[in-house]
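Input: a single structure, listed below in structure tokens.
Just so we're clear, the structure is a prediction, and the values are computed from it rather than from any experiment. Throughout, protein chains are lettered first and strands after them, A, B, ... in sequence-line order, and every chain is numbered starting at 1.
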Amino acid sequence: MEPPEEPLRPVIYTMENKPIVTCAGDQNLFASVYPTLSQQLPREPMEWRRSYGRAPKMIHLESNFVQFKEELLPKEGNKALLTFPFLHIYWTECCDTEVYKATLKDDITKWQNVLKAHSSVDWLIVVVESDAKKKNKTNILPRTSIVDKIRNDFCNKQSDRCVVLCDPLKDSSRTQESWNAFLTKLRTLLLMSFTKNLGKFEDDMRTLREKRTEPGWSFCEYFMVQEELAFVFEMLQQFEDALVQYDELDALFSQYVVNFGAGDGANWLTFFCQSVKSWNGLILRKPIDMEKRELIQSQEATLLDLRSYLFSRQCTLLIFLQRPWEVSQRALELLHNCVQELKLLEVSVPPGALDCWVFLSCLEVLQRIEGCCDRAQIDSNISHTVGLWSYATEKLKSLGYLCGLVSENGPNSEDLNRTVDLLAGLGAERPETAKTAQSPYKKLKEALSSVEAFEKHYLDLSHATIEMYTSIGRIRSAKLVGKDLAEFYMRKKSPQKAEVYLQNALKNYVAEGWALPITHTRKQLAECQKHLGQIENYLQTSSLLASDTHLTEDERKHFCQEILNFANEQKESPGLKVVLSMHSFAQLKHLHFDPSNALVHVGGTLSIEITLLSQMPISVQVEQIAVSVHFSIEKNSYRKTAEWLTKHKTSNGIISFPNENSSVPFSRSSSPALELYEMYERSPSDNSLNTTGIICKNVHMLLRRQESSSSLEIPSGVTLEDGAHILKCSNVTLDPGVNKIIFRTQAKEPGTYTLRQMCTSVGQVQFVLPHIYPIVQYDVYSQDPQLKVEPLTDSLLAGIPQKVKFTVTTGYYTIKNGDSLQLSNADAMLILFHAENRAIIYSNTREKSSEASLMIQSSEKVTSVSLPMAPAYHMIEFELEVLSLPSTPTSGESDKLVNKEPQRKNKEKQKAGNCMVTLDQKVSIDCPWSIYSTIIALTFNIPFKATHSLLSAGKRKYIQVCVQNLSELGFQLSDSNLIDTGNSPDLQLVPLNTKCQKFVQYSAGEQSQAGGSKGIGG
Amino acid sequence: MAVCIAVIAKENYPLYIRSIPAEQELKFHYTVHTSLDVVDEKVSAMGKALVDQRELYLGLLYPTEDYKVSLLSRLGIPCVKSMFPNQLHRYGYVTNSKVKFVMVVDSSNTALRDNEIRSMFRKLHNSYTDVMCNPFYNPGDRIHSRAFDNMVTSMMVQVC
């Protein structure tokens, strides 16, 4: 680069700008050192200390060296910084004192005066010394060299303003040293000048900014001033600082707009309120958009112009700073912001104009970023750009709707006029993008040109956006864009394409429980399915909508009517049955068994009352409600007995079903609660506890795959079980809200019946509840007739009449008139009966049903008890008195109750101590229901124990008889006497006891009955 | 002030959501729902490292042309909020129990500063804590509390 000879042209705003340094003096000399100088100057960085506490920076300096001219010096008030000469250098290689005195001194003085006149203090005099020249001039005074003279004459106290450069063109260490010293000096002085001049400029700028409340203040003027500073920073490669200047301008402007909105309007701002006439989007391909800058300079820019220019500069700087992602983020903010500012300032904008502007701008930003990043970088930063993609999609969509490009019939003439107007506002394509095939301008123009082109561009954008959202995991956003797309397809009458997007979005909303979006999406889906003719799906969706409380009453009725219409239409042509899930139609709330223990004997009647909560907004006539029942033969026969029944009386027979379709399907309340049970395992041998634990009984419900829950939307999984056992209820009207339906069934086969499915038929539509959970079962049992005989007291005592209770459990047997029990009389047991023996008949549930008198006939061998008539599964209870007779009738009346210990027959039953001896009496009973006799063993206890001993005193003998009562009853002993059975004449027995009654009681312990006997003769 | 306030459960279903004006309810539901994407992103991006930090505020989630949405979190996400004079912004807040608070603010309401948003969230969080302390409230159920309602109402009307 040659030092420019011609007068300086106006500043060209390119990146080639460098700070200006003027050169005066020996131009040839400068020309000779210039190459080295321009090469060496930027080589080493210099620390730049800044004012206002800004952090110091290392900076590589470059300069634009121009020939000194007085015109270059700025006049008072000129704020231009780019053309500002930061340093003035005077070059000389004079070494002759005479020459110095004659010409050089004057020349320098003149130069200095010019500088002083412009109050410029940034100067430097360079004296180039060369050995070659020194040798020629011998009359040099070594002490007072030219340098000293110059310092003396000009550098008043600033001796550093004069430097010596030794042999600049030689390659010696001295030259090198001298260069280094010179360059350091030059850099220092340049930085000093920057600090001083920029500082002054900033101060002036601040002063100007402080005046902003004054009436004549103009933002555009101020803009130009601060931008000048930004340019200088950019020139010094201080992009960060340059960006700060633009950000400050941005913030200042925003603040004004906000204040304007608050009613505090600045005059200059009204100019920005002019209506928008051009909307050609951001231009980011040039470092500086001169066109727009000139508009600002001439104060003709609109708000969009200003914002566009400002952003283009910020974008340029951010890209220099390698922060392309910030560009995308700021772009989105800017676009939102501009839309808002225009609204705030009440700028009139033709419809669609802003959409065009935003669309073009989004694509421009994206293309600019793509232009400076490689594919991998872009792919890993989708989260920064996807917002712009989505915004562009949104805007293109609204343009399409505006211009009639989405309607079925294509645009009408009004739409076309609007399109023409919009295209006019775009103007001609700018030359920078004219050659780009995919420029935003071309895209928009093409998209608006025809329905087909619009569709292509819109689909491209939408798919790209969805793909990007999906790839970064923003599923919800992706679904929302998909929903827009579905809307588009619906308008284009392609419901088959719309369906998948709606389904996907709906699935997401259902999974996360967002009621309003669910309702809205479902409504769209219903329309879509209707168009597609998916009758089953449509009806299912309709039923969901009809039960949706977020819809208005009318809408709900409409969807309910849709179902009913279909149901009635198809009545004439049977064949097609539509099976739908019931949960949206009606909910099973409670189930009530009667009898409450859900146990019924064969032939008995069971009634089941079902509480159904109808979700439909209107009353629905239902032809049939059927519950299919699964039958299994229960192995555990115990459950089927009446005994079990009486023990499990506590249950009230009501089973409640959890709310299956709460408004929050995802919440814990809808998933079944844990059903935990304690578990004990005992050792079979000694019944000690081996293990305990907790068992979850409904693991299969809790651990099922999440996806299966989506089957609520796809009712195809609902199938009707074809069970042989079905409970039915016909012609029911289901009113909105709670309905009670009663099913009655006659129990037939014994076993366990499980309620599996419920099906409600409305015309050809069937609503099916595929599983009834928790499990509902009832049992049917069959029981054999039984006879039970048990004493009323704990034990029976022999010898006294006692009551025995007879219990006949009829089971399946019905006792007819004339049925009787035939008791074969045992030898030693009498059955005593009275005329008014009564029997009580109980029902199955231990309720007394009737009473009847009992006919008892007795013959020698058989006692016949004729039973009262009783239906099956009843119980007859009556009592009879029995008396166990002595087993040895020969041994006289008196000893029949006394155990004669030595001759005791059933010795094996006798236990040590004072335990009672027992006596078993077996009775064989013939029952009417069986050909076999029932043997009943009754055990009688012998209440007394008698001991006797023979005692002697002299000639007299005494017999002591001890009778001991072992039972709990008290007995009275009277008329006790001993009888001699041998009838020997010489034996006389004299009772010693007083003739009184003795009370013999078990609790009194041993009461001895002493019988004295007269001594046996001899 | 706020135009929509939502409390979102850990499983991402709404525990409470209210908005004004009522006609735009559906739109707000969609808006809040999609903003959960950003919540997830922020929480998973920063959650692990900064769990101990007491900052719950997620800052500005993302602005749209009309709204700003914001969110509160207790996973220690430093405030990354910035104010744009857009019409509506969303802000977010996530509690330790991963309950999220989302607030949508009319972005033309530029007077609203970051600190005010924070204090609104704090109020919301306190009120939510009160709801949780109610022995009759089952965690995970929708919030039906008059006190909470009133507090939300006060935040919605305040400046409008």
- prompt: Where is the tightest heavy-atom contact between B/P14 and A/G513, given as atom of each residue plus distance?
  reply: CD-O, 3.0 Å
Please examine the side chains of [Y] and [X], heavy atoms only from C-beta on, and report whether any two atoms are closer than 4.5 Å.
X	Y	answer
B/E11	A/E512	no
A/W514	B/I17	yes
A/N508	B/H33	yes
A/I472	B/E41	yes
A/T521	B/Y30	yes
B/D37	A/Y469	no

Residues B/D40, A/R476: salt bridge by 4.0 Å N-O rule: yes
message: Please classify the contact between A/K479 and chain B as side chain, backbone, both or neither, with a heavy-atom cut-off of under 4.5 Å.
response: neither
message: Just verifying a value: how many Å separate B/E25 CD and A/H550 NE2, rounded to the nearest 0.5 Å?
response: 7.5 Å
query: Which value, rounded to the nearest 0.5 Å, describes the distance between B/H29 atom NE2 and A/I518 atom CD1?
result: 11.0 Å
query: Within a reach of under 6.0 Å around CD of A/E346, are more than 12 heavy atoms found that belong to other residues, nucleotides or ligands?
result: no
message: If I measure from the heavy atoms of chain A, does B/I8 come under 4.5 Å with its side chain, its backbone, both, or neither?
response: side chain
